[in-house]
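Report on one structure; see the data block that follows.
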Protein chains: 2
Amino acid sequence: MQSPNGAAELTGDDLETWSALATVLEWLPTALDQQLQRDAGVTHFEYGLLYALSAAPERTLRMSVLAGYANSSLSRLSRAASRLEKKHWLERTPDPADGRYTLAILTDLGQRTVVEATPGHASTVHRLVLDQLTKAQTVQLREISRRIARAIQDDGGWRPGA
Amino acid sequence: MQSPNGAAELTGDDLETWSALATVLEWLPTALDQQLQRDAGVTHFEYGLLYALSAAPERTLRMSVLAGYANSSLSRLSRAASRLEKKHWLERTPDPADGRYTLAILTDLGQRTVVEATPGHASTVHRLVLDQLTKAQTVQLREISRRIARAIQDDGGWRPGA
DNA sequence: ACTCTTTACTTGACTGGTCAAGTCATGACC
DNA sequence: GGTCATGACTTGACCAGTCAAGTAAAGAGT
């Protein structure tokens with residue numbers, strides 16, 4: 001929680017830490033996408049959508065709720081949903097309870113895709129991340145990530161946009 | 001370093017850790033880009049290019065070397081270089097020593113941009129990351145990040161592509 | 001009941017990335 | 001010294017994301 005200087009430049013250990021993290025920020029999403037794309041034909045983002053739906057009651061969520069789960073803008077989600085619809089992995093219908101909402105519903109085919117993609121994805125996360133760390137480091141990583149996420153949220157009251 | 005089960009699915013603490021990290025993976029690059037875009041008109045990636053050049057002798061690097069520093073594919077770098085050239089922040093010329101190489105040279109204007117952008121960027125990195133962590137956590141984050149990066153590199157002998 | 005605002009998307013125009021195919025200089029080999 | 005492979009980019013076609021503008025259903029106020 002310290003920072004003797006607000007620092008006009010990153011140097012020394014700070015720079016080391018930051019550039020190590022920046023490398024992960026750059027590589028890990030790509031590595032995840034590649035595995036999922038290769039083995040299941042989905043991006044990590046799309047997998048997240050399918051997974052959230054598969055865990056939801058009736059395998060159904062309102063688009064805006066799904067966007068929240070996926071940290072996604074509505075417009076990004078809308079485009080992704082079109083793609084998934086084309087593959088017959090999900091369907092959209094207006095919410096009968098309130099026609100402004102749109103319900104995204106995972107199809108049986110979509111469910112199968114999630115089920116098939118999950119083990120490979122879990123094993124990649126293990127191989128690239130969890131298995132590399134000691135138990136203590138895993139705990140630390142969780143806490144560190146939460147602190148960073150909270151700082152981002154608080155900074156300018158951020159939420160995923162438009 | 002353990003992992004009692006190769007795990008067909010992420011659960012419990014593993015899931016908690018992973019989803020905390022995944023949130024950071026999603027939000028932090030966006031937050032960084034927004035600050036740099038707003039205050040200096042560059043993306044985080046472009047800033048990295050300019051910064052690397054500004055630190056190089058003669059403010060000059062071969063494209064392929066720069067791509068290495070930036071963890072970038074050559075084609076991504078090539079497009080980014082075109083954009084930066086249009087803003088007169090850098091110039092490209094064939095390497096006189098070997099015409100297959102292209103030298104990227106930071107202009108004076110480009111140098112000014114880096115210098116002006118650096119404090120704001122450093123302060124964002126502090127605010128969102130470093131200042132949130134204890135000294136011990138900073139050390140852990142560095143080690144954790146390195147382990148993950150190494151695992152990605154080793155996995156399928158990966159390097160940033162085409 | 002009719003305008004007016006708000007909410008929940010969707011979509012057109014544009015930007016930035018990828019992948020595969022080019023281009024062009026160079027060093028090798030016969 | 002002409003062909004051939006290689007290395008270092010660049011570029012065209014395409015895809016995914018953003019931002020801003022558009023649409024359409026609900027509810028609010030009068």
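Excluded from the calculations below are hydrogen atoms, water molecules and symmetry mates; all remaining heavy atoms, backbone and side chain alike, are included.
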- Item | Length of the line joining A:Met63:CE and D:dA24:P, which is rounded to integer Å | 17 Å
- Message: Counting only side-chain nitrogens and oxygens, does A:Thr102 get under 4.0 Å of the OP1 or OP2 atom of C:dA8?
- Response: no
- Note on the structure: In terms of heavy-atom contacts, A:Leu84 and A:Leu50 come closest through CD1-CD2, 4.0 Å
- Which nucleotide in the list C:dT11, C:dA8, C:dT18 gets nearest to the side chain of A:Ser75? C:dT11
Tabulate protein N/O versus nucleotide N/O from nucleotides 13-17 of chain C, keeping only pairs under 3.5 Å, one per line.
from, atom 1, to, atom 2, distance (Å)
C:dA13, N6, A:Arg79, NH2, 3.1
C:dG17, OP1, B:Arg76, NE, 3.4
C:dG17, OP1, B:Arg76, NH2, 3.3
C:dG17, OP2, B:Arg83, NH1, 3.2
C:dG17, OP2, B:Arg83, NH2, 3.0

- Message: What's B:Ser64 touching, base or sugar-phosphate or nothing? Going by heavy atoms closer than 4.0 Å.
- Response: sugar-phosphate
- Task: Can you tell me the distance, in whole Å, between the CG atom of B:Leu61 and the C1' atom of D:dC9?
- Result: 16 Å
- Just jot down the side chain to side chain donor-acceptor pair (under 3.5 Å) partners of A:Asp13, sequence neighbours excluded, or say none. none
- Task: Just jot down the salt bridge (charged side-chain N to carboxylate O under 4.0 Å, His left out) partners of A:Glu85, sequence neighbours excluded, or say none.
- Result: A:Arg92
- Which pairs, with at least one residue in residues 28-51 of chain B and sequence neighbours excluded, count as a salt bridge (charged side-chain N to carboxylate O under 4.0 Å, His left out)? B:Glu46-B:Arg83
- Taking only residues at least two apart or on different chains, which pairs with a member in residues 102-112 of chain A satisfy salt bridge (charged side-chain N to carboxylate O under 4.0 Å, His left out)? A:Arg59-A:Asp108, A:Arg112-A:Glu116
- Query: Which whole-number value in Å describes the distance from B:Glu26 CD to D:dA16 P?
  - Reply: 16 Å
- Provide, to the nearest angstrom, the distance between the CG atom belonging to B:Asp33 and the P atom belonging to D:dC19. 11 Å
- B:Ser54: partners by side chain to side chain contact (heavy atoms under 4.5 Å, CB included), with sequence neighbours left out: B:Tyr51, B:Leu106, B:Gln111, B:Val114
- Query: Which pair of heavy atoms, one from A:Ala40 and one from A:Ala117, lies closest together, and at what distance?
  - Reply: CB-CB, 3.7 Å
- Note on the structure: What residues 89-101 of chain A contributes to the DNA chain C interface at heavy-atom separation below 4.0 Å is A:Arg92, A:Arg100, A:Tyr101
- Task: Taking salt bridge (charged side-chain N to carboxylate O under 4.0 Å, His left out) as the test, write out the residues that go with B:Arg100, two or more places apart.
- Result: B:Asp98
- Starting from P on D:dT11, measure out to CG on B:Leu74 and report it in whole angstrom. 12 Å
- Whole-Å distance between C:dA8 P and A:Leu103 CG? 13 Å
Distance-only donor-acceptor pairs under 3.5 Å for side chains of residues 62-69 of chain A, two or more places apart:
from, atom 1, to, atom 2, distance (Å)
A:Arg62, NE, A:Asp95, OD2, 2.9
A:Arg62, NH2, A:Asp95, OD2, 2.9

- Message: What is the distance, to the nearest angstrom, from the OH atom on A:Tyr47 to the C1' atom on D:dA16?
- Response: 21 Å
